Structure formats: C-alpha cells, structure tokens
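Remember, predicted model here, so these are calculated numbers, not experimental data.
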Amino acid sequence: MPPALYLIPVEIGDSPLDMTIPSGNLRVVREIRTFIVENLRTARRCLRRWDREFPIDECTFHELNRHTPAIEISGFLDALRRGEPVGVMSEAGCPAVADPGAAVVEIAQREGLRVVPLVGPSSILMSLMASGFNGQGFAFNGYLPISEQDKLKAVKDLEARASRLGQTQIFIETPYRNNRMVSFLAEHLRPDTLLCVACDISSSTESIVTMPAARWRNCRTDYDKRPAIFLIHRNDSVSDEKKEKKFFKEQNPRRERRNGR
C-alpha cells in the first residue's frame with residue numbers, strides 16, 4: 001500500500017458497521033501498523049471490533065489529544081518519513097475536523113507528505129443534510145463561549161450572519177450542557193429564527209428536529225449527555241440565490257474587482 005497519512009473515520013453511533021464504514025476502509029486499516037489516536041484504549045477496542053484478528057500487538061500507537069506536548073507531535077510521523085503508511089483515528093467521526101488530528105495533518109502537509117482522507121461519517125455534514133437549511137453556504141463554529149455574556153454575543157453574531165448572508169451556522173456544546181443550550185437559544189434567538197438540534201446521529205435513538213426558536217421553548221426532550229449538533233438559519237426576505245451571491249462576493253472581493261463588478 002502506498003505510504004501516506006490515512007485519515008480513518010470512526011462510527012459516530014450504534015448503527016451496523018456496514019452501514020457507516022466502507023469495506024475499503026477496513027482493507028486500508030489492515031495494512032497499517034502505526035496509528036495516531038486520541039485515546040489508546042478506545043482505538044484498540046475499535047480495531048478489534050472491526051477485525052477480531054487484527055494484530056494489535058504488532059502496532060505502534062501514539063496518543064494525540066489536548067495533553068500531548070506540541071514538541072512530540074512531529075515525531076509521530078517518523079514511520080511515514082521512512083516510507084510506511086500511518087493512520088489517524090478520531091474518537092468518533094472524521095479525524096482532523098474539530099479534532100486534535102488536525103495538528104499532525106498540518107505537519108504532513110507542510111512537509112509535502114501525502115495525506116489521504118477516507119470516506120466516513122461526519123455528524124456536522126449529516127446534521128446539515130437533514131436540517132433543511134442552506135447547504136451551499138454554511139460555517140462550523142465549534143464550541144461557543146461558556147460565560148453567559150460572551151455566549152449571548154456569539155449567538156447574536158451568528159444569527160446576524162445567518163440573516164445577512166443566508167449562511168447556516170453550525171456549532172456544538174459539551175453534551176452535559178445540551179439542555180441548557182437549547183433553553184438559551186430558545187430564549188435569545190428571534191422567535192422566527194430556525195433552530196435544528198441533531199442528536200445521536202447514526203444511532204437507534206437518532207433525533208433531528210427543526211423548528212422556529214419560539215417553539216423550542218416548550219421542548220421537553222432530554223438532550224443531556226447525548227452528542228448533539230446545533231444549527232441556526234433564517235428565511236429572510238432576500239432570496240437564497242441573492243444571499244449566496246452576496247456571500248461569495250464578500251468572500252472573494254478581489255475576484256469581483258477583476259471581473260469589473
């Protein structure tokens with residue numbers, strides 16, 4: 001197998017393996033003996049789940065998480081520099097997207113090493129697909145601030161951007177604070193701003209609901225301690241087509257000037 005940094009997605013729910021991870025990914029994984037993982041125990045468990053005969057004892061694992069000293073990360077790619085394939089695994093979903101794996105991918109790209117993203121589940125894209133919101137222009141904003149004042153400012157900024165550009169705004173919260181986030185958004189968003197909460201994606205308890213913020217005030221669903229994605233969107237008077245043109249114009253001002261616009 002060609003040497004590369006293979007980005008290996010992991011299931012995000014309890015759906016059957018053949019419903020979420022392509023068989024081609026498993027063929028790639030079986031050829032790799034060096035892995036960069038967020039958590040050693042769960043990564044080993046995942047590999048065993050995928051293949052009971054996987055030779056884990058022959059593998060080298062490097063943990064890359066918020067506790068990893070930055071000075072150590074480059075060394076995780078030594079096997080790739082020697083011409084061996086290396087795999088990057090997240091705890092769930094796609095590596096390097098809202099994930100510590102981005103740090104090692106940055107180094108690989110800077111050194112001209114080959115990076116190969118494998119196909120797999122992304123809760124961010126899957127929630128967008130099912131939300132009914134604009135999939136042409138969207139932004140993932142990660143975690144919002146913890147303090148109430150800073151969080152309120154962030155929410156109002158995202159809502160204004162959604163209104164001005166028609167751009168779907170996506171963000172996440174620590175699972176044990178999900179219920180508080182739903183209540184906070186229901187209270188502080190404009191009543192007609194659309195809010196989608198996508199929870200337990202790709203699981204038997206999956207729930208993806210889109211409603212105006214005002215209707216979320218009566219929500220009785222318990223979202224705490226469950227992985228969730230939050231999305232907001234506005235259907236203001238300007239058409240989606242005009243909003244998208246405005247968005248791309250603001251993102252590419254030089255291009256517009258070159259075209260004489």
With a 4.5 Å heavy-atom cut-off, do [X] and [Y] have their side chains touching?
X      : Y      : result
Phe35  : Thr60  : no
Leu5   : Gln109 : no
Val197 : Val209 : no
Ile32  : Ile8   : yes
Thr210 : Leu195 : no
Asn235 : Phe133 : no
Trp50  : Glu11  : yes
Leu144 : Met181 : yes

Spatial distance of atom [atom1] ([X]) from atom [atom2] ([Y]) [nearest 0.5 Å]:
X      : Y      : atom1 : atom2 : value
Asn179 : Tyr176 : CG    : OH    : 13.0 Å
Arg49  : Ile21  : CZ    : CD1   : 9.0 Å
Asn39  : Phe61  : CG    : CZ    : 11.5 Å
Met129 : Ile124 : CE    : CD1   : 13.5 Å
Ile36  : Tyr6   : CD1   : OH    : 14.0 Å
Leu128 : His233 : CG    : NE2   : 10.0 Å

Restricting to non-hydrogen atoms, name the atom on [X] and the atom on [Y] that form the minimum distance, rounded to 0.1 Å.
X      : Y      : result
Ile12  : Ser202 : CG1-CB, 3.8 Å
Leu118 : Pro9   : O-CG, 3.3 Å
Val119 : Asn25  : O-ND2, 2.7 Å
Ala228 : Ile172 : O-CG2, 3.8 Å
Pro121 : Cys94  : O-SG, 3.2 Å
Pro191 : Pro212 : O-CB, 3.5 Å

Under 3.5 Å, side chain of [X] to main-chain N/O of [Y], donor-acceptor pair present?
X      : Y      : value
Glu106 : Ala102 : no
Ser127 : Ser123 : yes
Glu159 : Arg190 : yes
Asp200 : Ser203 : no
Arg226 : Cys199 : no
Ser163 : Arg234 : no
Asp224 : Asn178 : yes

Side chain to side chain contact (heavy atoms under 4.5 Å, CB included) between Asn141 and Gln169, worked out = CA-CA 7 Å; Asn141 300 278; Gln169 302 300 319; 3.1 Å; yes
Are [X] and [Y] linked, directly or through other ILVMFWY residues, by side chains that come within less than 4.5 angstrom of each other?
X      : Y      : result
Val116 : Val105 : no
Tyr143 : Val155 : no
Val10  : Val97  : no
Ile73  : Leu40  : no
Phe54  : Met1   : yes

ask   = With respect to Phe76, which candidate in Val88, Ile107, Leu64 satisfies the side chain to side chain contact (heavy atoms under 4.5 Å, CB included) definition?
value =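 The residue from Val88, Ile107, Leu64 that satisfies side chain to side chain contact (heavy atoms under 4.5 Å, CB included) with Phe76 turns out to be Leu64.
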ask   = Is the count of non-hydrogen atoms from other residues, nucleotides or ligands lying under 6.0 Å from Lys156 atom NZ greater than 12?
value =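 Yes, the 6.0 Å shell around NZ holds more than 12 heavy atoms from other groups.
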message = Show, in sequence, the C-alpha distance, side-chain angles and deciding distance for Leu185 and Glu173, and conclude whether the side chain to side chain contact (heavy atoms under 4.5 Å, CB included) test is met.
response = CA-CA 12 Å; Leu185 295 171; Glu173 177 58 287; over 6 Å; no
query = Between Trp216 and Tyr223, what is the ring plane arrangement, given parallel below 30°, perpendicular above 60°, and tilted in between?
reply =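 Trp216 and Tyr223: tilted rings.
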query = Salt-bridged, Arg27 to Glu31, with N to O below 4.0 Å?
reply =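 Salt bridge flag = no for Glu31 with Arg27.
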ask   = Does Asp150 pair with Lys153 as a salt bridge, N-O distance under 4.0 Å?
value =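 A salt bridge is absent here (no side-chain N lies under 4.0 Å from a carboxylate O).
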task = Report the C-alpha distance between Arg114 and Leu80 in whole Å, list the side-chain angles of each, state the deciding distance to 0.1 Å, and finish with yes or no for side chain to side chain contact (heavy atoms under 4.5 Å, CB included).
result = CA-CA 9 Å; Arg114 187 183 179 200; Leu80 180 55; over 6 Å; no
ask   = Are side-chain N/O atoms of Glu63 and Thr68 paired as donor and acceptor at under 3.5 Å?
value =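 The answer is no; no qualifying pair exists.
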inquiry  = Quiz question: by atom type and distance under 3.5 Å, do the side chains of Asp99 and Ser90 form a donor-acceptor pair?
reply    =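 Yes, Ser90 and Asp99 have a side-chain donor paired with an acceptor closer than 3.5 Å.
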task = Take Ser74 and Arg81 through the side-chain hydrogen bond (donor to acceptor under 3.5 Å, both in side chains) test and state the conclusion after the steps.
result = CA-CA 11 Å; Ser74 178; Arg81 296 182 183 106; 2.8 Å; yes
message = Would Cys46 and Met89 count as a side chain to side chain contact (heavy atoms under 4.5 Å, CB included) here? Give the steps.
response = CA-CA 10 Å; Cys46 176; Met89 297 174 63; 3.8 Å; yes
request  = Mark yes or no: Arg177 above the aromatic ring of Phe230, with NZ or CZ under 6.0 Å from the six-membered ring centre and no more than 45 degrees from the axis.
outcome  =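 The answer is no, since Arg177 fails at least one limit relative to Phe230.
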